[in-house]
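For reference, the structure is listed below as structure tokens.
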Amino acid sequence: MTDLQNIVFPSLKDRVVIITGAGQGIGRVFAKAFAMAGAVAVIAERNEKTAASVAGEIIKADGHAFAVTTDVGDPASIAEMIELVEDEYGRIDVLINNAGIFSTLEMRPFDQIPLEEWEQVLRINLTGPFLCARAVLPAMRRAKWGRIINIGSGAVRLGRLNYLHYIATKSALMGMSLSMARELGPDNITVNAILPGATFTEIERKTVTAAQKERIITMQCVPRAETPEDLVGTALFLASDASAFVTGQNINLDGGVTGS
């Protein structure tokens, strides 16, 4: 597991970083890591209780956090979150589009996916990042500086079966990242996507058995389970001044399961 204490990006100090879905899993680890790096971690999370819990963890460790109850599928909720953040800090530097529906999905052939579930996954996993990116643009354009990081999935490159709605949204997110990067480059705003492999968190995944987990690990060059901490270094880099000329990239972080 990556030692977060050894990952240092001084340019992140006092940056305001919005992380959607940061009440658990990967988002929670991102929030704590950015706060550890000196940034303000804005926990934009639909579950008010978990958002407050993560903010409490960060504040207890002498970090800076701001919890805002946010539904990324609701433009009004996003607008309210942006207003609260700007009123509190006067700036928005980084957006990490992490919120998504996955662990609760039932694996099934695509012709058995209910239309309502299909539309819900698209709403949260794809429309949500679009709405959030659009909402942070005024602040980033005023500053002539910004970082947008979309959390995709390495499962796209594997053509993972029985998750067609999830794969479709994460595939689209890769293309959206490149197109956004071309549009926003003149404003000194970079857009990149991180593609994690099978990342194991505290969130229960009933669809993955112990045998399947071992099979995933054997596919990797690094023979151990991937954790959210393994994604942190790349996220911090992409949010920092060190990545000023890195944009439009889809970065695999799967222990070597897939190539470029």
Side-chain angles (χ1 to χ4, degrees), residues 15-21 26-27 30 42 44 70-75 77-79 81-82 85 91-102 110 118-160 163-197 231 234-254 258-260:
R15 292 290 189 190
V16 176
V17 182
I18 295 174
I19 306 157
T20 66
I26 292 172
F30 279 172
V42 176
T70 310
D71 179 353
V72 300
D74 180 0
S77 178
I78 294 170
M81 179 266 290
I82 295 295
V85 173
R91 60 192 291 178
I92 296 171
D93 300 298
V94 181
L95 167 67
I96 302 181
N97 279 314
N98 169 74
I101 299 175
F102 175 58
F110 76 87
W118 170 272
E119 291 178 339
Q120 182 188 27
V121 173
L122 262 65
R123 183 72 183 178
I124 301 302
N125 291 12
L126 185 60
T127 303
F130 161 74
L131 293 172
C132 288
R134 187 172 67 174
V136 300
L137 279 187
M140 291 185 177
R141 280 177 165 151
R142 284 197 306 270
K144 285 293 180 181
W145 197 99
R147 303 284 188 265
I148 296 174
I149 303 169
N150 295 317
I151 306 302
S153 174
V156 168
R157 299 195 189 278
L158 296 174
R160 181 86 179 268
Y163 280 121
L164 188 66
H165 39 7
Y166 177 77
I167 297 299
T169 58
K170 295 302 185 178
S171 298
L173 201 57
M174 291 168 61
M176 191 169 81
S177 299
L178 176 56
S179 188
M180 275 188 185
R182 293 195 179 280
E183 289 194 35
L184 300 181
D187 293 306
N188 197 34
I189 300 168
T190 66
V191 186
N192 293 285
I194 291 174
L195 279 56
L231 310 175
T234 301
L236 294 175
F237 166 70
L238 291 176
S240 74
D241 288 339
S243 64
F245 210 60
V246 180
T247 195
Q249 303 303 305
N250 293 299
I251 302 174
N252 292 338
L253 290 178
D254 59 9
T258 56
S260 58

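Please read these numbers as outputs of a predicted model, since none were measured by experiment. All residue numbers refer to positions in the sequence shown, counting from 1.
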I'd like to check the side chain to side chain contact (heavy atoms under 4.5 Å, CB included) partners of Ile101; sequence neighbours left out, ordered by chain and number. Thr104, Leu105, Gln120, Val121, Ile124, Asn125
Any side-chain heavy atom of Asn192 within less than 4.5 Å of one from Val246? yes
Do Met81 and Ile18 make a side-chain contact, defined as non-hydrogen atoms from C-beta onward lying under 4.5 Å apart? yes
Give the minimum heavy-atom separation between Ile78 and Ala135, together with the two atoms involved. CG2-CB, 3.6 Å
Report, one line per pair, each donor and acceptor closer than 3.5 Å where one atom sits in a side chain of residues 171-182; sequence neighbours left out.
from, atom 1, to, atom 2, distance (Å)
Ser171, OG, Ile167, O, 2.8
Ser177, OG, Asn150, ND2, 2.8
Ser177, OG, Leu173, O, 2.8

Would you list the pairs meeting salt bridge (charged side-chain N to carboxylate O under 4.0 Å, His left out) in which at least one residue belongs to residues 118-133, sequence neighbours left out? none
Residues which pass salt bridge (Lys or Arg N to Asp or Glu O under 4.0 Å) with Arg15, listed by chain and number, not counting sequence neighbours: Asp93, Asp241
Heavy-atom closest contact (Gly152 atom, Pro196 atom, distance): O-CD, 3.3 Å
Can you name the residues that form a ring pair (Phe, Tyr, Trp, His ring centres under 6.0 Å) with Phe237, not counting sequence neighbours? none
Closest approach of Cys132 to Thr20 (non-hydrogen atoms, all atoms of both residues): SG-CG2, 4.1 Å
Just one of Thr70, Val42, Ile92 clears the side-chain contact (heavy atoms from CB on, under 4.5 Å) bar with Ile82, so which one? Ile92
Suppose we screen for salt bridge (Lys or Arg N to Asp or Glu O under 4.0 Å). Which residues come up paired with Arg141, at least two apart in sequence or across chains? Asp187
List the atom of Ile151, the atom of Lys170, and the distance in Å for their closest heavy-atom pair. O-NZ, 2.7 Å
List the atom of Gly73, the atom of Pro75, and the distance in Å for their closest heavy-atom pair. O-CD, 3.7 Å
Close side-chain approach of Thr247 to Leu184, heavy-atom, < 4.5 Å: no
Should Ile149 and Thr234 be marked as a side-chain contact (heavy atoms from CB on, under 4.5 Å) after you check the CA-CA gap, both sets of side-chain angles, and the distance that decides it? CA-CA 10 Å; Ile149 303 169; Thr234 301; over 6 Å; no
Quick one: pull up OG in Ser153 and CG in Asn252 and give me the separation to the nearest 0.5 Å. 10.0 Å
Looking at Trp145 and Ile189, what are the two nearest heavy atoms and their distance? C-CG1, 4.3 Å
Look at the rings of Tyr163 and Phe102 and say which category their plane angle falls in: under 30° parallel, 30 to 60° tilted, over 60° perpendicular. tilted
Just how far is it from atom CE of Met140 to atom OG1 of Thr190, taken to the nearest 0.5 Å? 8.5 Å
Side-chain contact test, heavy atoms from C-beta onward, threshold under 4.5 Å: evaluate it for Phe130 versus Asn97 and give yes or no. no
Would you say Val156 and Leu195 make side-chain contact, with heavy atoms under 4.5 Å? no
